[in-house]
Visitor: 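Take this structure first; my questions come after.
Values below: all heavy atoms of this structure, side chains included; hydrogens, waters and symmetry mates excluded. Everything quoted here is computed from the prediction, not taken from an experiment.
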Amino acid sequence: MSELVRFSVAMDSELLGEFDKFVATRGTAQNRSEAVRDLVREALVESTVESPDSEIVGTVTMVFDHHASDLSEKLDHLQHHYFQQIVSTLHVHLDAHNCLEVLVLRGKSAEVRTISDALLGTKGVKHGQLVVTTTGKHL
Ligand code: NI
């Protein structure tokens, strides 16, 4: 971690009062400085993941019926196609029909979204979600 720098912030007293209430809800370990740092990191991560060329990581969680037509084959084909961005995959057989898959992706934000859209848009995928985050650099 680099050097700690102090700076002052001018803020409307009512807004500061609301901020202090917010900090209080986050537990005794939190103080204003920690809360501000968390919010700054959150804003930076949000800005990074929204920028198409930024290097990010993401997880795709999806549930599908492996019996549904040639779904397993299609998903497998996609995963081989994007082997450079798919870092790891977890497969759980939920019951006799349903599978849960969690994939960890790493790449440019636009690539991660393209891969996620291709996977989740495959006919027969019952539910899925992409969660994106930072690689942790520059934070
Ligand atoms: Ni399975």
Visitor: Do Val112 and Gln85 make a side-chain contact, defined as non-hydrogen atoms from C-beta onward lying under 4.5 Å apart?
Guide: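 When only atoms from C-beta onward are counted, Gln85 and Val112 do not touch, as no gap falls below 4.5 Å.
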Visitor: Does Tyr82 reach the side chain of Leu103, with side-chain heavy atoms less than 4.5 Å apart?
Guide: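 No; the side chains remain at least 4.5 Å from each other.
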Visitor: To the nearest 0.5 Å, what is the distance between OG on Ser54 and NZ on Lys137?
Guide: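 Between atom OG of Ser54 and atom NZ of Lys137 there are 11.5 Å.
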Visitor: Give me the atom names and distance for the closest heavy-atom approach of Cys99 to His93.
Guide: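 Heavy atoms of Cys99 and His93 come nearest at SG-ND1, 4.4 Å.
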Visitor: I need the Lys126 NZ to Leu120 CG distance, nearest 0.5 Å.
Guide: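 It is 15.0 Å, given to the nearest 0.5 Å.
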Visitor: I need the minimum non-hydrogen distance between Leu139 and Arg41, along with the two atoms involved.
Guide: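 Closest pair (atom of Leu139, atom of Arg41, distance): CD2-CG, 4.1 Å.
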Visitor: Under 3.5 Å, side chain of Asp12 to main-chain N/O of Leu15, donor-acceptor pair present?
Guide: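 At least one qualifying donor-acceptor pair exists.
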Visitor: Using side-chain contact (heavy atoms from CB on, under 4.5 Å), reason through Arg32 and Leu16 one step at a time and then give a plain yes or no.
Guide: CA-CA 10 Å; Arg32 276 183 190 162; Leu16 183 59; 3.5 Å; yes
Visitor: Heavy-atom distance under 4.5 Å between the side chains of Glu101 and Gln79, does that happen here?
Guide: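 A side-chain contact exists here, since the closest heavy-atom pair is under 4.5 Å.
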Visitor: Would a 4.5 Å heavy-atom cut-off, applied to side chains only, mark Leu119 and Leu75 as touching?
Guide: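 Yes, at least one pair of side-chain atoms sits under 4.5 Å.
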Visitor: Taking all non-hydrogen atoms of both residues, which atom of Ser51 and which atom of Ser109 are closest, and how far apart?
Guide: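 That closest heavy-atom pairing would be O-CB, 3.2 Å.
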Visitor: Can you tell me if His91 has over 12 outside heavy atoms packed within less than 6.0 Å of its NE2?
Guide: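 Counting neighbours around NE2 of His91, more than 12 heavy atoms of other residues, nucleotides or ligands fall under 6.0 Å, so yes.
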Visitor: Verify the cluster assignment for Leu90 and Val57: are they in a single hydrophobic cluster under the rule of side-chain heavy atoms below 4.5 Å apart?
Guide: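 They do not share one cluster, since no chain of ILVMFWY contacts under 4.5 Å joins Leu90 to Val57.
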Visitor: Any non-hydrogen side-chain atom of Leu100 less than 4.5 Å from a side-chain atom of Phe64?
Guide: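 In short, these two side chains do not touch, never coming nearer than 4.5 Å.
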Visitor: Hydrophobic clustering (ILVMFWY, side-chain heavy atoms < 4.5 Å, transitive) - are Val102 and Leu94 grouped together?
Guide: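 Yes, it is one cluster - the side chains of Leu94 and Val102 are joined through contacts under 4.5 Å.
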Visitor: Drop me the distance from Asp53's CG to Lys108's NZ, to the nearest 0.5 angstrom.
Guide: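 Interatomic distance, Asp53 CG to Lys108 NZ, rounded to 0.5 Å: 5.0 Å.
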Visitor: In this structure, are over 12 heavy atoms from other groups packed under 6.0 Å from Lys74 atom NZ?
Guide: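 Above 12, so yes.
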Visitor: Quick one: do Asn98 and His67 satisfy side-chain contact (heavy atoms from CB on, under 4.5 Å)? Show the steps, please.
Guide: CA-CA 8 Å; Asn98 293 296; His67 286 124; over 6 Å; no
Visitor: With the side chain counted from C-beta on, respond yes when Leu78 and Thr122 share a heavy-atom pair under 4.5 Å apart, and no when they do not.
Guide: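 Yes, close enough: below the 4.5 Å cut-off.
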Visitor: Mind checking whether Val60 and Phe83 sit in one hydrophobic cluster, side chains of I, L, V, M, F, W, Y counted as touching below 4.5 Å?
Guide: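 Per the 4.5 Å side-chain linkage, Val60 and Phe83 are not co-clustered.
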Visitor: With no hydrogens and no angle check, do the side chains of Glu111 and Gln84 hold a donor and an acceptor under 3.5 Å apart?
Guide: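 Per modelled atom types, Glu111 and Gln84 side chains form no pair under 3.5 Å.
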Visitor: Does a side-chain heavy-atom distance below 4.5 Å link Thr59 with Leu105?
Guide: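 No, their side chains stay 4.5 Å or more apart.
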Visitor: Would you give the length of the straight line joining atom CG of Asp38 to atom CZ of Arg26, rounded to the nearest 0.5 angstrom?
Guide: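 It comes to 5.0 Å.
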Visitor: Would you name the heavy atoms of His66 and Ser72 that are closest together and state the gap between them?
Guide: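 Taking every non-hydrogen atom into account, CB-OG, 3.4 Å.
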Visitor: Salt-bridged, Glu55 to Arg106, with N to O below 4.0 Å?
Guide: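 Answer for the salt bridge query: yes.
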Visitor: State yes or no: do Leu39 and Val9 share one hydrophobic cluster built from I, L, V, M, F, W and Y residues joined by side-chain heavy-atom distances below 4.5 Å, directly or via other members?
Guide: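 Yes.
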Visitor: So, do Val125 and Leu71 sit near enough that their side-chain heavy atoms are less than 4.5 Å apart?
Guide: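 They are in contact (side-chain heavy atoms under 4.5 Å apart), so the answer is yes.
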Visitor: Identify the two heavy atoms, one from Ser116 and one from Leu130, that lie closest to each other, and give their separation to 0.1 Å.
Guide: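 Heavy-atom minimum between the residues: OG-CB, 3.3 Å.
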Visitor: Spell out, yes or no, whether Val36 and Val45 are grouped together once hydrophobic residues are joined by side-chain heavy atoms under 4.5 Å, including indirect joins.
Guide: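 Linked within one cluster.
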Visitor: Give a yes or no answer on whether the side chain of Thr48 reaches the backbone of Leu44 with a donor-acceptor pair at less than 3.5 Å.
Guide: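 Flag set: sc Thr48 to bb Leu44 pair under 3.5 Å.
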